[in-house]
Enquirer: 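What follows is a structure written as structure tokens; I'll ask about it next.
The first residue of the sequence shown is numbered 1, and numbering continues consecutively from there. Only heavy atoms go into these numbers, but all of them, side chains included; no hydrogens, no water, no symmetry mates.
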Amino acid sequence: MLGLILPRGCAGCDKPDEILCSDCQSLFRRHTVLPLNGTPSGASDGTPGAATAPNALNGIPSAAIQQPACAMIYAAGTYQGHVRRAILSWKDHGDTECDKAFSQVCRQLVADSGIIETLQTKPQTLPQPMPQTEHQTGSQTQILVVPAPSSPKSMRTRGRRHLWPLAKAAAAELAAAGVEACAVNALRTRHIQGKAVETHSALGRAARLDGQLEVNDPGLIAGKKVLILDDIVTTGTTMRRCAEAIRGARGSVVGGLALAAVPPPAER
């Protein structure tokens, strides 16, 4: 009945009677891999330098994925066209019906990335997913899925923590594979101005976040492995600042997940 009164279309392409159509879903299976700690050459200028071709995960040896020399960011799609439109509809225009679709995208990305193989334990029986709480986690949790925080202004505008359902989905996928995992909102921001995707240089993004991210309770992070989650990766600055805050609280960052990565200027 609601569909008759308020018909909707796909968040990406506007195909009738779809939330995220199969064609648009397939665009979130064209993965990109980026280094979390600088470029492959070892620099740390924030410029994306890793593979950006469709299905980039498939071009990397499994051993390299499972035991990377440095933590990696795994992005589900490329932030352009229908992918960009779908994310913006969900993130900034209140299309919460996309929560389920993007949660599934995150679960698939966890499965494809090789993170499970890196962290997998071999218990007698698979553990049940741990309670997903916004600020607490069990002491025996092997890995925490921590969403990048939004500014207070952005949260007031959206009226929700938009990454929270996705963080719970990523933790559930890890738990289903035998990795004890829990989602927790462990990070917060202070006085951040503007949106990261609207800041046009790596230096600008670094300045925007300099000293503005902190851990809510270092006791939740200390000694834990952490997987960071964000919606969009542009230069990787937000992920790196999150990682710095987590490491400062004696946590160990094992990687990052994102719905999409902004392509290099030459590919836009």
Enquirer: Would you please test I228 and I246 for side-chain contact (heavy atoms from CB on, under 4.5 Å) and show each step?
Expert: CA-CA 10 Å; I228 303 169; I246 289 164; 3.8 Å; yes

Enquirer: Measure the shortest side-chain to side-chain distance between V253 and L36 over non-hydrogen atoms and say whether it is less than 4.5 angstrom.
Expert: yes

Enquirer: Taking C-beta and beyond as the side chain, do I232 and V262 meet within less than 4.5 Å on heavy atoms?
Expert: yes

Enquirer: Of all heavy-atom pairs between L227 and I115, which one has the smallest distance, and what is that distance?
Expert: CD1-CD1, 3.6 Å

Enquirer: Hey, is the main chain of T235 close enough, under 3.5 Å, to the side chain of R240 for a donor-acceptor pair?
Expert: yes

Enquirer: May I ask whether L163 and L88 are part of the same hydrophobic cluster, defined by side-chain heavy atoms of I, L, V, M, F, W, Y residues being less than 4.5 angstrom apart, directly or through others?
Expert: yes

Enquirer: Between T238 and A148, what is the shortest heavy-atom contact and its length?
Expert: CG2-CB, 4.2 Å

Enquirer: Quick check for you: to the nearest 0.5 Å, what is the distance between L220 atom CG and L144 atom CG?
Expert: 8.0 Å

Enquirer: Is V233 close to L34 at the side-chain level, that is, under 4.5 Å between some pair of heavy atoms?
Expert: yes

Enquirer: Using a strict threshold of under 4.0 Å (side-chain N to carboxylate O), is an ion pair present between E244 and R247?
Expert: no

Enquirer: Where the side chain of T78 meets the backbone of Q80, is there a donor-acceptor pair that is under 3.5 Å apart?
Expert: no

Enquirer: Considering only residues two or more places apart or on different chains, which pairs with a residue in residues 92-117 satisfy ring pair (Phe, Tyr, Trp, His ring centres under 6.0 Å)?
Expert: F28-F102, W90-F102

Enquirer: Taking only residues two or more places apart in sequence, or in another chain, which ones meet C10 in a side chain to side chain contact (heavy atoms under 4.5 Å, CB included)?
Expert: C13, K15, E18, L20, C21, C24

Enquirer: Which heavy atom in A171 sits nearest to a heavy atom in A181, and how many Å separate them?
Expert: O-CB, 3.7 Å

Enquirer: Mind checking what makes salt bridge (Lys or Arg N to Asp or Glu O under 4.0 Å) contact with R250, not counting sequence neighbours?
Expert: none

Enquirer: What residue pairs, at least two apart or across chains, pass salt bridge (Lys or Arg N to Asp or Glu O under 4.0 Å) with a residue in residues 226-235?
Expert: K91-D231

Enquirer: Identify, with sequence neighbours excluded, every residue that meets salt bridge (Lys or Arg N to Asp or Glu O under 4.0 Å) alongside R84.
Expert: none

Enquirer: Could you give the distance from OG1 (T189) to CE (M155), rounded to the nearest 0.5 Å?
Expert: 6.0 Å

Enquirer: Show the nearest heavy-atom pair for residues L187 and N216, with the distance to one decimal.
Expert: N-ND2, 3.6 Å

Enquirer: Which atoms form the tightest heavy-atom contact between V105 and L259, and what is the distance?
Expert: CG1-CD2, 3.8 Å

Enquirer: Roughly how far, to the nearest 0.5 Å, is OG of S113 from CD of E173?
Expert: 9.5 Å

Enquirer: Do V226 and S252 touch side chain to side chain, with heavy atoms closer than 4.5 Å?
Expert: no

Enquirer: May I ask you to decide if S150's main-chain N or O and S154's side chain share a donor-acceptor pair within less than 3.5 Å?
Expert: no

Enquirer: Quick check for you: to the nearest 0.5 Å, what is the distance between L174 atom CG and E180 atom CD?
Expert: 11.5 Å

Enquirer: Applying side-chain contact (heavy atoms from CB on, under 4.5 Å) to I143 and K224, what does each step give before you reach the verdict?
Expert: CA-CA 6 Å; I143 182 168; K224 301 291 178 63; over 6 Å; no

Enquirer: Which heavy atom of R107 sits nearest to which heavy atom of A176, and what is that distance?
Expert: NH2-CB, 4.1 Å

Enquirer: Say you draw a straight line from CD of Q108 to OG of S103; how long is it, rounded to the nearest 0.5 Å?
Expert: 13.5 Å

Enquirer: Test of understanding: with side chain to side chain contact (heavy atoms under 4.5 Å, CB included), list the residues that count as partners of T96, not counting sequence neighbours.
Expert: D99, R160

Enquirer: Quick one: list whatever passes side-chain hydrogen bond (donor to acceptor under 3.5 Å, both in side chains) with R85, sequence neighbours left out.
Expert: none

Enquirer: Using the side chain to side chain contact (heavy atoms under 4.5 Å, CB included) criterion, which residues pair with A170? Sequence neighbours excluded.
Expert: V110, V145, L257

Enquirer: With sequence neighbours left out, what residues match Q104 under side-chain hydrogen bond (donor to acceptor under 3.5 Å, both in side chains)?
Expert: none

Enquirer: Can you sort out the partners of E214 under salt bridge (Lys or Arg N to Asp or Glu O under 4.0 Å), two or more places apart, ordered by chain and number?
Expert: R188, R190

Enquirer: Sequence neighbours excluded, which residues qualify as side chain to side chain contact (heavy atoms under 4.5 Å, CB included) partners of S89?
Expert: A11, D95

Enquirer: Hey, are R158 and D92 close enough for a salt bridge, meaning a charged N less than 4.0 Å from a carboxylate O?
Expert: yes

